[in-house]
Structure formats: structure tokens, C-alpha cells
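Remarks on the structure that follows.
Residue indices begin at 1 and follow the sequence shown. Start at 1 and go down the list; that is how both ligands and their atoms are numbered.
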Amino acid sequence: MDTAYKLIGPFTQLITLAGLPLKGAIADEQIVPLAHAGILLKGNKIFKTGNYESLEKEAALLGAMTVTLEGEYVCIPALTDAHTHICFAGSRAQDYAMRNSGKTYLEISEAGGGIWDTVQHTRKASLDELTTSTIHRANRHLSEGVTTIEVKSGYGLSVKEELKMLRAIKAANHETPAELISTCLAAHTLPRDFEGSHSEYLEKISQELFPVLLEESLCNRIDAFVEKGAFSPENILPYFKKAIEQGFQITVHADQFSTGGSAVAVQINALSADHLEASTDKEVQLLAQSDTIAMALPGATIGLGCAFTPARKLLDAGACLAIASDWNPGSAPMGDLLSQASILGTFEKLSNAEILAGITYRAARALNLTDRGRIEQDMLADFLLFQINDYREILYQQGKLKPAQVWKNGECVFTSNLD
Ligand code: NIG
Ligand code: FE
């Protein structure tokens, strides 16, 4: 294990996010930027933060290597994107054109678009092709500051093809400095070529796929799309219960177009309920009173031209709000987490602190990870450097400002060649 000490700084501002709450609203005044600060690392973890000169003295005693910065830099925790579908093949540019010409979801699907289109392309792709394209997208995300990325299956929709996707995600995880957390979304939609009911499909998946996921350590998370036309709460409850019995953690695509999913998520104590664009005050209260994290996906709102998740109401009611990109070929092809989070903030009147919390420690918590998302002792040394002198520039610039450096596990894994 690497236990070498490393000092990095000085930063004009160090934004640690230490002490901010897990749930509820946060005012910007609760963020306390540390001026002229540094970070002392021990191996892949944060050892100490504080005044740069004091850390320099300590670093000299410890024989630490130093990375001295010239110019102005703001340092914040690296980002977590807790909901993506970046393992896929094909494009849905046709869907975009049809949607904008006024075609409905059903019309697009009947014309060969929608999820099933991506399923066909993904099934045709080889394991290597899927691995390569997943690495490529993960590395793009990494260069934009996202060091932890959840990645779902869900475009295979058979035992064999879901396994191919999850094996590709596992292989990709070894080839990118980003950390990929995989989730099985075999319950994305009933595959058109399955001869049987929704319940029979779910039964087959839980009996034949779940054991292999555990045997091959492919994932410990199960997701489902609870929606009209996908899976109903009645179908999905027994499926989730089986998953929980086998030790899986649960996350739910909930309340995207109609309500029902978030109540399921709360009932089974899911880690997160994601989407929530259709949630009413009733669902907002339900989520706020639970430990289930409410995950806004502004990329899907922008992609489909529908409502934003009621983020302000959720925070004011006391919920834990995370923000993810939902990067997928259909509803959210942009995949730019910082831009989307900034735009959500504008429409939902969120503070800088609430947005940053939603893409750092609160997002990590939705993946059951408590070792990242804040810059404090014993946390992973995952952080970003921006060439600015005020942290508020980051969201103000709507994602156009990219990190100058990205650090993961105590190593600089990306340096921008832009000024
Ligand atoms: O999260 N809502 C369901 N699933 C994805 C969309 C997948 C697709 O259209 O390919 C989502 O938005
Ligand atoms: Fe999704």
C-alpha cells in the first residue's frame, strides 16, 4: 500500500464541504472556503487540510513530495455521477428529430426508436466494442471532473445480453482511472422477444441472472423502471424483495412520467429514487421523511423537454437531493453533469452549496459510498482544481469551465491543456 505523503497547494480557495448536512436545504453561507490552503495526502487518502505554510512545515518533517501550484486555483471534491447508462451501442439521433417534430413516445417506438432500438444495437455489439465505448465515455466524464460513475446495464434484456453488458462494465472499470459502480437494470422494459408476462420475465431474471451477478462479482445493485408501459409497483415489489434477500441494494427509476415508483422505493428502503419529474407534494413528503435519496436527472428533462424534478420542494421538505446526468443515448445524450446541475439550479433556485452537495457527497451516498465527496481526513483524495479565484464561478459558468486538473486516489489523472 502506498503511504507516501504528498503536499499540494497553495489554493486560492479550498472548498472541503466538511460539516454540510446530508439532508435538506443548505445556504451558501454554510460553505467556508479556506484561503491560501493546501492538502496533505497520505497515499490515496486525505491526511490533512489547512493553511499552506503550516502544512509545508509538516510536509518537510514527513519528507513529503510537494506539488507546488503557480497562479490561482480553487479546489473542490471530485464529482460522483450516480446514475448513467454509458454502456450502449448505436445512436438515437432519429428519436431527437421525431420528438422535435411532435411525435409521441409511442409513435417513435413504433417507428423503430426508443429503448428497443438501443437494445438491438447493444446486442449486436461485441463485449470488446462495449468495453471500449464505455471506457471512452468514462474518460470523457473523468476529464470533466467525474471520478466515480455509476453505470447501468439494461440494454441487453436477456440473461446472456445483460451479462455481456455487466462484464463489459467490469472490464472497462479496470481500464479507466474513474471508478465505475455497476447496476443491473434488466428490469428496464419487457423485451419484445420475451414470450411471457412481466412477472415471468422478472422471475426468470431473478432466478437465472442474480446468482451469476454474485458469483462473478458483477454488481451488488438492482434497478428497475417503474412506469406505465414498463413495470408496475405490483410486478416489481416481489422482484425487489428477492433481490434484497440475496443481498443486493436497490435503486429505482421512479415517477418519471407518472407516480408510483417513489412509494415503492420508500417502502423497500431503496438507496435512491431517481427521476421524480412527475412527483407531487405527496411524493415529496414521502421521500423527505425517508432515508431514500431523491435523485434529480436534469439531463432527461433537457433531453425530453419535460418538467424538472421538484428539487427546491424536496430540499425544503428535508430530503437528501442528489443530481446525476442519466447519460444515455435516448433521453439524455449530453452527459455533461456540471452543465446539467447548473441548469437545474437556475430553474429550481438552488444554492451553489446544494448543487455541489448533490454532485459530490450526497451523490456518493446514493451509491452507499461514505469515503468520498468531501475533502477531509481519511476520505479518498479525489478532488478537482479549477483556474479561478472564487468557487462560485464553477456553476455560474454552466459547465463551460472545465477542471484544470482531476485527482483520483491521490494521483493527478487528468490535466487540461486549455488555459
Ligand atoms: O433513465 N427512463 C428510463 N430509462 C432511461 C432512458 C433510456 C433510454 O431511453 O434509452 C432514463 O431516462
Ligand atoms: Fe436512467
For ligand 1, list the protein residues that place a heavy atom within a distance below 4.0 Å of one of its atoms, sorted by chain and number.
H83, H85, R92, I115, Y155, H188, F225, H253, Q256, H275, D326, N328, G330, S331

With no hydrogens and no angle check, do the side chains of T12 and N389 hold a donor and an acceptor under 3.5 Å apart?
no

Does one side chain, of D81 or T84, offer a donor that lies under 3.5 Å from an acceptor on the other?
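No, no side-chain donor-acceptor pair sits under 3.5 Å.
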
Would K282 and D255 pass as an ion pair if we require N to O under 4.0 Å?
no

Result, protein N, O or S atoms below 2.8 Å from the Fe ion (ligand 2), excl. waters, equals 4

Please confirm whether R372 makes a cation-pi placement over F383, using NZ or CZ under 6.0 Å from the six-membered ring centre and within 45° of the ring normal.
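That pair does not qualify as a cation-pi contact.
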
Classify the ring geometry of [X] against [Y]: parallel below 30°, tilted from 30° to 60°, perpendicular beyond 60°.
X	Y	result
H253	H188	tilted
F210	F248	tilted
F225	H275	tilted

F194 CZ: over 12 foreign heavy atoms closer than 6.0 Å
yes

Would you say T132's side chain and D128's backbone share a donor-acceptor pair under 3.5 angstrom?
yes

